[in-house]
Amino acid sequence: MKRLYFRETPPAEYLDPRRASAFRRRLLRWYLDNRRVLPWRDTPTPYRVWISEIMLQQTQVGTVLPYYDRFLQRFPDIPSLARASESDVLQRWAGLGYYGRARRLHQAARILWPARQGKFPEEYEAVLALPGIGPYTAGAICSIAYNQPRPVVDGNIRRVLVRLLRIGGKVREGFFWDQMTALLPPNQASSFNQAMMELGAMVCTPHRPQCGSCPVARVCRALESGNPSRVPVKHPRGSRPVHLLVLLLEKEGRVLLASSGKPGFIPGAWGLPCRVLADAASAESEAARLIREITGRAVSPVPLPPFRHAITHRRITVHPFGSTAEPTTVQGGGYQWVNRKRGKDRVLSSLFRKALEAGAGAGA
DNA sequence: ATCCGGAAGC
DNA sequence: GCTTCCGGAT
């Protein structure tokens, strides 16, 4: 099998088999003893699980509870949901938010009835194909309602795994799915998946995790070494947008690189001359000022199309500027004229590479 | 005021 | 791969 060549050594991140089975046993024991009583857990029919999972997308259990009961009273099964008008469905959804969920739920019901006599599909691919159902929800329905051995990964589970395995840096999304596949007990997928999510919601919470009462504390790598509430590393998220002025100064087909003066959030030894702006409006005047600082001459900046760039949860709007005339000299050290090809190799930050390309396209 | 989060559409 | 969709918790 070609899969053999995928990894030369077993990846260290996986729990060894003994730890993994201890983890499953303790987690399942805890879940069966401590799980919350929830309406969709009483009689987990596919329809009831489906509605609950759609409502629970981006929404906490406590918020969903009152809506769930009212919704199921009014739409107890797929035919009743399919026969209802969209506005009727939206009325019952009002207040829950993300109204696209309700529309897609309704669309899906209309696909299933009368075509499939209102019977919810059992096959994963068929479930996944329904509107509003992505990989997470399809896995959740198939595992919870049918006990099919399908992994699920949601925000709670990502956090539990990151702490359990003490994942420091970034990992690709597939990593979590691989881990869940490896941990999943084939005959208890329903309980196991719900237990992982329950642990994330009740014990392994984003803030102040209750490690003292965690059933799997003894196998948790984050607890073993340091403070689990520091894992995962928090990144400032909605941090205020940053505007960055970037200069593309050219001379005889070469571009001016700068070795210093970059804002702290841009990696790499070399970049383009740049400056953080207070706001987008000041871009042009700051560009003129910076050109004069570097070249000692008053040369008019030529605005190039701004673009967005995201690094480490910072939203940067880059305002590149060329210039009307080729500068003759540069003042001070830390600058170097480099031809474009070499410049691209030299510049480590993808932000500056993007700016270089933008400049080339615009003929700056 | 900031963090949190699945799916779809681009 | 980035945005948008929303309300609740803190």
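Bear in mind that the values here come from a model prediction, so they are computed numbers and not experimental data.
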Quiz item: Any side-chain N or O of A:R159 less than 4.0 Å from the OP1 or OP2 oxygen of B:dG5?
Solution: yes
Self-check item: Nearest-angstrom distance from the residue atom CZ of A:R158 to C1' of B:dC3
Solution: 15 Å
Quiz prompt | hbond_proxy A:Y98 side chain to B:dG5 base (donor-acceptor, 3.5 Å cutoff) | solution = yes
Practice problem: With sequence neighbours excluded, tell me which residues meet salt bridge (charged side-chain N to carboxylate O under 4.0 Å, His left out) with A:D33. | Solution: A:R29
Quiz item: Contacts to DNA chain B from residues 56-67 of chain A, heavy-atom cutoff under 4.0 Å, which residues?
Solution: A:Q57, A:Q58
Quiz item: How close or far is atom C1' of C:dC6 from atom CG of A:L96, stated in whole angstroms?
Solution: 10 Å
Quiz item: Between A:R41 and A:E198, does at least one N-O distance fall below 4.0 Å, as a salt bridge requires?
Solution: yes
Quiz item: Within a reach of under 6.0 Å around CZ of A:R292, are more than 12 heavy atoms found that belong to other residues, nucleotides or ligands?
Solution: no
Practice problem: Report yes or no: is the cationic atom of A:R92 (NZ for Lys, CZ for Arg) under 6.0 Å from the centre of the six-membered ring of A:Y67, at an angle within 45° of the ring normal? | Solution: no
Self-check item: Test ring-ring contact (aromatic ring centres under 6.0 Å, His included) applied to A:W40 and A:Y68, step by step
Solution: CA-CA 9 Å; A:W40 47 89; A:Y68 185 80; 5.0 Å; yes
Quiz item: Atom CZ of A:F176 to atom P of B:dG5: distance rounded to whole Å?
Solution: 11 Å
Quiz item: Can you check the A:Y99 OH to B:dG6 P distance for me, whole Å?
Solution: 18 Å
Quiz item: NA contact type, A:R104, heavy-atom cut-off 4.0 Å: base, sugar-phosphate, or nothing?
Solution: sugar-phosphate
Practice problem: Let me know the distance between CD of A:E173 and C1' of B:dG5, rounded to the nearest Å. | Solution: 12 Å
Quiz prompt | A:E224 with A:R19: basic N within carboxylate O range, under 4.0 Å | solution = yes
Quiz item: Between C:dC6 atom P and A:I54 atom CD1, what is the distance in whole Å?
Solution: 15 Å
Quiz item: Whole-Å distance between B:dA7 P and A:M55 CE?
Solution: 16 Å
Quiz item: Quick one: A:R103 CZ to B:dA7 P, roughly how many Å, whole number?
Solution: 18 Å
Distance-only donor-acceptor hits, side chain of residues 125-137 of chain A, under 3.5 Å, sequence neighbours excluded:
from   : atom 1 : to    : atom 2 : distance (Å)
A:Y136 : OH     : A:E53 : OE1    : 2.8
A:T137 : OG1    : A:Q57 : NE2    : 2.9

